[in-house]
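Structure record follows, encoded as structure tokens.
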Amino acid sequence: MLYQRSSQLFAEAEQVIPGGVNSPVRAFKAVGGTPIFIKEAKGPYIYDEDGNKLIDYINSWGPMILGHAYEPVVNAVIERAKKGTSFGTPTALETEIAALAVSMVPNIDKIRFVNSGTEACMSAIRLARGCTKRDKIIKFAGCYHGHSDSFLIQAGSGAVTFGTPNSPGVTQGTAKDTLLATYNDLKNVADLFAANKNEIAAIIIEPVAGNMGCVPPAEGFLEGLRQLCDENGTLLIFDEVMTGFRLAKGGAQELFNIKADIVAFGKVIGGGLPVGAFAARNEIMNYLAPLGPVYQAGTLSGNPLAMAAGLEMLKALNNDTDVFKRLEEKTAYLEAGIRKQLDGANVVYTINRRGSMISVHFDATPVTDFKSAANGDNETFKKFFHGLLKEGVYIAPSAYETWFITDALTYEDLDATIAAIGRVAQTL
Ligand SMILES: *Cc1c(COP(=O)(O)O)cnc(C)c1O
């Protein structure tokens, strides 16, 4: 495959955009080479500016759970756009998507829409602090909750890919209110509570971590967090930006049967347009302005194009009772195929998977937290990534990302992917 035009476009982009990209992980820094510029996409495939066709395992980092250019979403956006793209007033559409989301997700009464997952998590934390009148939060190393200041303390995703877990520009004052814990280590969390009695407003967690590769919660871990929160008057925030409307209709709360106090959404909920949301029961949501004292706002929040896209996406997922089962089955099939190929080539690896989130780590030890995720052999990952790219298979350009499986993938696509992995495995 040739990437002449992509390389040229990247050189032009670098002149006017920092690093040539509007979000760091797109830059291929972790794997080397220059990023591919995408021209269009349909179903499970993306087509780049050089005319190459790739099977896509990034899917815009999650939103395209039903495939690219999913027609009901595209048509809804086109129809809405003709009627005006933003009014800055309430619209009936906002109530419609809010009601649908509230009906799909357990344990929430009200939902507020914002423009990104970052905003959703940032607002969830402010709400938790406002409700509890406490300052500190607990976050887990390797979990990513967007790029707002409180969360850029050993964050996952691009923030680890670039080795700047503690970003300059985040003040000491902010950092001191973020307590860091180890994923899957309840004792560590209990110790933090003991050392910060009556000071912790919230625990925020990815209920299945997806920003240090995929790291599922150990048996009893989420239940233990729920219990610690209850004992300490602390709110439990599930960051379901990745897991929401992906692992189940009601997300991780439904899958694990655990109630979170506040839930953050993004990615799938916008159907590919910039949308985030946060939700909770009435007693918490009523703290928000204009009902309560906790301020939160947005000129383009609840934007009609974004709401139209999100509504069609949620409707499709709500009406198709088998979609999450199909996603699970396809991803399990892929996992089995990858294992067979890597075993056949004597490659040392660990695969983590939960539902349609999966990642391959090139290390034999179990990957259960940020430290074990960071043990993976990055040189092997680079070869794996570029080998797959040559084969026309596009996975995330970093070992710290999960693969996102779309229902648009056919078993033929999966077989082609597995065969490609087999050929690449021989070169590792
Ligand atoms: C992607 C992601 C975010 C940030 O969402 P943006 O829309 O990129 O701001 C937050 N939390 C999790 C778990 C994510 O995966």
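Everything numeric here is computed off the predicted structure, so don't read it as measured data. Indexing begins at 1, ligand by ligand and atom by atom, following the structure's order.
In this pair, F28 and Y394 present their aromatic rings tilted. The plane angle is within the 30 to 60° band. A perpendicular orientation is assigned to the rings of Y47 and Y45, their planes being inclined by more than 60° (bins at 30° and 60°).
Checked against the 6.0 Å centroid threshold, F256 and F238 do not count as a close aromatic pair. When ring centroids are compared, F113 and F278 stay outside the 6.0 Å threshold.
If you look at T118 next to ligand 1, the close heavy atoms, those under 4.0 Å, come from the backbone and the side chain alike.
The protein atom (non-hydrogen) at minimum distance from atom 3 (C) of ligand 1 is V241 CG1, 3.7 Å.
For atom 2 (C) of ligand 1, the choice among K267, H147, M242 with the nearest heavy atom turns out to be K267.
Every pair passing side-chain hydrogen bond (donor to acceptor under 3.5 Å, both in side chains) that includes a residue from residues 247-260 is listed here, sequence neighbours excluded: N107-Q253, K249-N318.
Numbered from 1 in the order shown, with element, the atoms of ligand 1 that lie under 4.0 Å from a heavy atom of N211 read 12 (C), 13 (C), 14 (C), 15 (O). Less than 4.0 angstrom separates some heavy atom of E206 from each of these atoms of ligand 1: 13 (C). Each of the following atoms of ligand 1 lies closer than 4.0 Å to a heavy atom of G117: 4 (C), 5 (O), 6 (P), 7 (O), 9 (O). Ligand 1 places these atoms under 4.0 Å from at least one heavy atom of S116: 7 (O), 9 (O). Atoms of ligand 1 lying under 4.0 Å from any heavy atom of D239, numbered from 1 in the order shown and given with element: 10 (C), 11 (N), 12 (C), 13 (C).
Under the side-chain contact (heavy atoms from CB on, under 4.5 Å) rule, I36 has a single partner from D50, N52, L389, which is L389.
Below 3.5 Å of separation, one finds no N or O of C121 facing any N or O of ligand 1. Not one N or O of H145 is nearer than 3.5 Å to an N or O of ligand 1, by distance alone.
Annotation: Y295, atom OH; neighbour count of heavy atoms from other residues, nucleotides and ligands within 6.0 Å does not exceed 12.
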